[in-house]
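Everything below concerns the one structure shown next.
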Amino acid sequence: MQPKEFLRKLGLKAKNAGTWTGQQSLTGSARSIQSYSPVDGQLIGSVTTTTRDQYEQVITCAQEAFKVWRDMPAPKRGEIVRQYGDVLRQYKDPLGRLVSYEMGKSLQEGYGEVQEMIDICDFAVGLSRQLYGLTMHSERPAHRMYEQWHPLGIVGIISAFNFPVAVWSWNACIAWVCGDVCVWKASEKTPLCSIACQLLFQKVLKANNLPEGISCIINGDYKVGEMMTKDGRVPLVSATGSTRMGKTVGKTVAERLGRSLLELGGNNAIIVTPSADLKIVLTGAVFGAVGTAGQRCTTTRRLIVHSSMYNDVKNALAGAYKQLRIGDPLDANNHVGPLIDKGAVQNYLNAIEAVKKAGGTMVVDGGVLEGPGYESGCYVKPCVAEAQNSWDIVQHETFAPILYIMKYDTIEEAIAMQNGVPQGLSSAIMTGNLREAERFLSVAGSDCGIANVNIGTSGAEIGGAFGGEKETGGGRESGSDSWKAYMRRQTNTINYSESVPLAQGIKFDF
Ligand code: UN1
């Protein structure tokens with residue numbers, strides 16, 4: 001299917017996508033964002049950036065919509081999200097293709113992202129009947145105490161290019177069933193994906209006669225994001241992206257005592273123990289390191305291998321990397337697509353330079369691909385380098401398919417290495433040894449938000465709470481009880497006695 005065709009199916013006019021706010025198509029912005037595909041370097045479309053005035057209109061529109069949405073019973077809101085899940089099922093093919101074409105991930109992964117959206121819709125529908133609060137026993141006679149959860153209002157969502165649709169949906173679908181309305185600032189590298197999602201959701205709102213401001217979009221760079229992070233009318237900002245971005249967002253939102261939910265960089269490792277199943281190690285590590293061309297926050301960046309099997313793993317990896325096919329991600333034969341843009345290619349080249357300078361040896365060489373099919377200049381070779389955990393370059397997250405491999409002797413040493421980075425998102429151990437596995441999962445084990453046994457670091461399911469510690473930002477999105485971040489808790493005490501007994505035994509007679 002040609003890009004023109006899937007864009008048309010999604011309601012996007014090629015070359016001029018326009019600006020959507022969720023309310024109406026606004027005009028008057030002088031600047032626009034051009035979206036070029038990293039697949040073939042072609043201009044896919046452009047989107048106008050949101051001006052200050054337009055931002056004000058969007059917020060007013062969202063505030064008005066909130067008044068309607070918050071009064072709808074939660075299971076009825078769940079019904080709207082259920083319908084969105086159905087629309088996504090219907091549009092999985094064109095939306096998956098757009099994700100693949102605009103972002104550059106493989107078509108399978110593009111479909112996978114839409115599937116994650118469908119799954120989170122299902123999860124949110126169930127949740128809409130389970131927003132439970134606790135009841136407590138009051139210390140006073142004839143008193144009842146309980147807590148209830150109310151929506152916050154406007155939830156601001158800042159999302160990254162690497163999961164241009166799924167990560168928004170983890171936030172938006174949960175926020176919606178909670179009764180919040182959402183304002184989404186997507187990455188300026190993938191603006192059309194966000195507009196496509198928005199148009200599909202607007203179909204559902206329209207069919208149900210609901211205000212469009214339940215879902216709004218603002219477009220632009222960090223300055224547009226800043227309008228939201230500084231805005232006291234946005235009680236929660238959920239941001240996914242680099243640690244650098246998260247530090248700014250966290251600080252700005254904290255200055256006004258707002259809430260932020262941060263899902264930032266990872267520096268994820270797999271520990272390979274002597275009892276590991278080599279087949280599992282290879283699949284987990286190779287998919288973890290080269291999937292999405294190394295541009296997942298959960299990408300495997302470090303392989304910490306027991307010295308007794310270090311050479312075997314190194315050779316097996318080199319063999320597996322030889323099989324990788326790099327090219328057009330829409331062609332199902334290819335495993336690895338392009339990086340997002342030339343800036344990302346430069347970062348990749350700089351990191352390889354830095355690792356070599358530090359004394360690293362390449363196990364699998366990197367490099368930029370040229371020639372037919374690689375005209376966009378964004379295709380690079382996934383590579384593997386022998387490195388030391390303490391090196392500055394290894395301590396940093398480079399959003400590219402570079403895997404660092406290193407040796408350990410004792411399990412304590414391996415865990416210390418795995419934890420010995422500023423980030424704390426995902427981690428894994430490959431082992432057939434129960435003691436080692438449990439030790440890795442114990443309080444003295446992995447310090448990450450995600451810790452897996454005999455599974456790689458990427459590809460988390462939506463049912464769990466997703467996020468990590470330390471410089472990953474501490475936020476949790478998606479499954480489990482992550483919904484609580486999108487609501488405010490109210491403790492209620494009701495006195496049905498005929499007197500007013502005070503708590504803590506205090507007497508106040510007059
Ligand atoms: C991200 O890269 O920001 O666990 C999210 C995974 C995906 C989500 C990654 N389900 O790899």
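Since this is a predicted model, take the numbers as computed values, not measurements. Both counts, for ligands and for their atoms, begin at 1 and track the order of listing.
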Using distance alone, decide if ligand 1 has a nitrogen or oxygen within less than 3.5 Å of any nitrogen or oxygen in Gly459.
yes

re atom 9 (C) of ligand 1, the protein heavy-atom contact at minimum distance is Phe163 CE1, 3.5 Å

Students often mix this up, so state it plainly: with edges at 30° and 60°, are the rings of Trp168 and Trp176 parallel, tilted or perpendicular? perpendicular

Quick look: Asn162 vs ligand 1, heavy-atom contacts under 4.0 Å, and the answer is side chain

Notebook entry, point to check: Cut-off 3.5 Å, side chains only: do Arg302 and Asn389 have a donor facing an acceptor?
Noted result: yes

Under 3.5 Å between some N or O of ligand 1 and some N or O of Ala460? yes

Taking only non-hydrogen atoms of Ser458 and a 4.0 Å limit, the atoms of ligand 1 in range are 11 (O)

- Let me see the working for Ser159 and Trp184 under side-chain hydrogen bond (donor to acceptor under 3.5 Å, both in side chains), right down to the final yes or no. CA-CA 8 Å; Ser159 65; Trp184 181 14; 2.8 Å; yes

A student checking ligand 1 against Arg296 at a 4.0 Å heavy-atom cut-off should list atoms 2 (O), 6 (C), 7 (C), 11 (O)

Does ligand 1 have any atom sitting under 4.0 Å from a heavy atom of Trp170?
yes

**Item:** Check: Thr457/Thr300 side-chain N/O donor and acceptor closer than 3.5 Å
**Value:** yes

Ligand 1 to Glu116, heavy atom cutoff 4.0 Å, flagged ligand atoms 7 (C), 10 (N)

Those residues at least two apart in sequence (or on a different chain) that pass side-chain hydrogen bond (donor to acceptor under 3.5 Å, both in side chains) with Glu436 are Thr273, Thr431

Is the closest heavy atom of Gln295 to ligand 1 under 4.0 Å? no

* To do: Answer yes if the ring centres of Tyr132 and Trp483 are under 6.0 angstrom apart, and no otherwise.
  => no

Next on the checklist: In this structure, does ligand 1 have an atom that sits under 4.0 Å from one of the heavy atoms of Glu263?
Outcome noted: yes

Margin query: Go through it in stages, so that I can follow the logic: the residues are Gln395 and Ser390, the test is side-chain hydrogen bond (donor to acceptor under 3.5 Å, both in side chains), and I'd like the CA-CA distance, side-chain angles, deciding distance and then a yes or no.
Written below: CA-CA 7 Å; Gln395 294 282 312; Ser390 58; over 6 Å; no

Closest to atom 3 (O) of ligand 1 (heavy atoms only, candidates Cys297, Gly241, Gly266) is Cys297

*Between Glu109 and Thr292: side-chain donor-acceptor atoms closer than 3.5 Å*: yes

protein heavy-atom neighbour closest to atom 11 (O) of ligand 1 works out as Thr298 OG1, 2.6 Å

